[in-house]
Amino acid sequence: MKTVLSGKTRELVIDTEGPVVIIGESINPTRRKKLVSTLQEGDFSYVLELAASQIDAGADVLDVNVGYPGVDDARLLPEVVSAIQDNFDIPLCLDSPNPAAIEAALRVSSGRCLINSVNGKEESLKALIPVAKEYGAAIIGLCMDDDGITDDPEKRLAIIEKITERAVSAGINQEDVIADPLAMAVSADPRACMVTLETIRLVKMKLGLNITMGASNISFGLPDRESLNTAFLTLAVYRGLTCPIANPEKITSAARAADLVLGRDDFAIRFVEYYQSRNF
Ligand code: THG
C-alpha cells in the first residue's frame with residue numbers, strides 16, 4: 001500500500017513494502033526554548049535552520065508543531081508552513097490538536113500534507129475528516145478515543161479501524177490513512193513497547209496501512225535515549241513501521257541499516273551513500 005505526499009513539486013511515496021521514511025520531529029517546542037522565543041518574536045530563522053539541518057540529516061517529511069502555552073496556532077502554524085515551503089520543497093506533517101490551526105495551515109500549503117492527527121473521538125473525526133477530504137490531505141489516525149488510551153492492542157486496532165472506516169466513507173482512500181499505534185514511555189510502563197509492537201502487527205495484518213509513531217516517546221525519562229530509540233525502531237520496522245517521527249540526526253543511520261538488513265536496499269547503495277555523506 002502506498003501513501004503519496006508532496007511538497008511544492010516533489011512527490012514522496014511511503015510504501016508499506018519500501019524503505020523507512022523519516023518524519024523529522026525537531027520543529028516542536030518540547031524542550032526547545034529557543035524555538036518558542038524566536039517564534040514569539042516573529043523570527044523564523046531558527047525554524048528554517050531546524051528544517052535545513054533535518055533535511056540534511058535525512059528527513060523526508062517535516063513534522064511542524066508550534067504549540068506552546070498561550071500561542072494562537074491558527075495564526076502561527078500557517079505562517080510557519082508558508083515560510084518553510086517558500087524555502088524547501090518537502091512534504092509537511094501538520095501537528096496540532098487544534099483543527100482550526102490544521103485547516104488554516106492546509107489553506108496556505110502547497111502539495112499534499114499529512115494531518116497529525118485524527119483520533120477516534122467523535123469531535124476529532126467530525127472536525128478533521130471533512131477537512132482532509134476537502135484539501136486532499138492524508139491523515140495520521142491516532143489510536144485513542146473518548147475512553148482515553150487503552151493498553152489492549154486489539155482495542156487499539158479497533159480504534160484505527162473506526163478512523164479508517166469513517167475516512168473511507170467520506171471518500172478518502174484507505175491508503176491515505178497512516179496508523180499511529182501510540183508509542184509511550186517504557187519508563188512508566190514496562191510493557192509499553194510490547195503493546196505498541198503487537199498493535200503494529202495487528203494493524204499491518206488486518207488493514208495493511210502505513211504506520212508511523214513518535215519513535216522517541218519511548219525513552220522519555222531514561223538515559224542513553226539513542227540506544228533505546230534505535231533498538232525499538234528496528235523491532236518496529238521489522239513489524240511494519242514505515243514512517244517514524246524521529247530526530248533524523250540520531251535515527252537515520254539505524255533506519256538505513258534496518259532497510260539493508262530487511263532486503264530493501266539493493267547492493268547497500270543508500271546505506272553506503274548515507275555513511276559517505278556523514279563522514280563518520
Ligand atoms: N505521534 C504523533 N505525533 C507526535 C507524537 C506521536 N508528535 C509529537 C511527538 N509525539 C513526536 N515529536 C517529538 C518531538 C521531540 C521529542 C520527542 C518527540 C524529543 N525531543 C528531545 C527531548 O525532549 O529531549 C529534544 C530534541 C532532541 O533530542 O533532538 O524528545 O507519538 N502522531
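What you are looking at is a predicted structure, and each value in this text was computed from that prediction instead of being measured. Every number for a ligand or one of its atoms is a count from 1 in the order of the listing.
- In this structure, Arg112 pairs ionically with Asp176, as a charged nitrogen and a carboxylate oxygen lie closer than 4.0 Å.
- In this structure, Tyr68 places its OH atom where more than 12 heavy-atom neighbours from other residues, nucleotides or ligands lie under 6.0 Å away.
- Considering only residues two or more places apart in sequence or on other chains, Lys34 meets the salt bridge (charged side-chain N to carboxylate O under 4.0 Å, His left out) condition with none of them.
- A donor atom on one side chain and an acceptor atom on the other are found under 3.5 Å apart for Asp43 and Ser45.
- Residues of the protein with a heavy atom under 4.0 Å from ligand 1 are Glu25, Asn28, Arg31, Arg32, Asp95, Asn116, Ile140, Asp180, Gly214, Ser216, Asn217, Phe220, Arg225, Ile245, Asn247, Lys250, listed by chain and number.
- Glu198 has a carboxylate O that lies under 4.0 Å from a charged side-chain N of Arg201, or vice versa, which qualifies the two as a salt bridge.
- Of the charged side-chain nitrogens involved, at least one lies within less than 4.0 Å of a carboxylate oxygen, so that Arg166 and Glu122 count as a salt-bridged pair.
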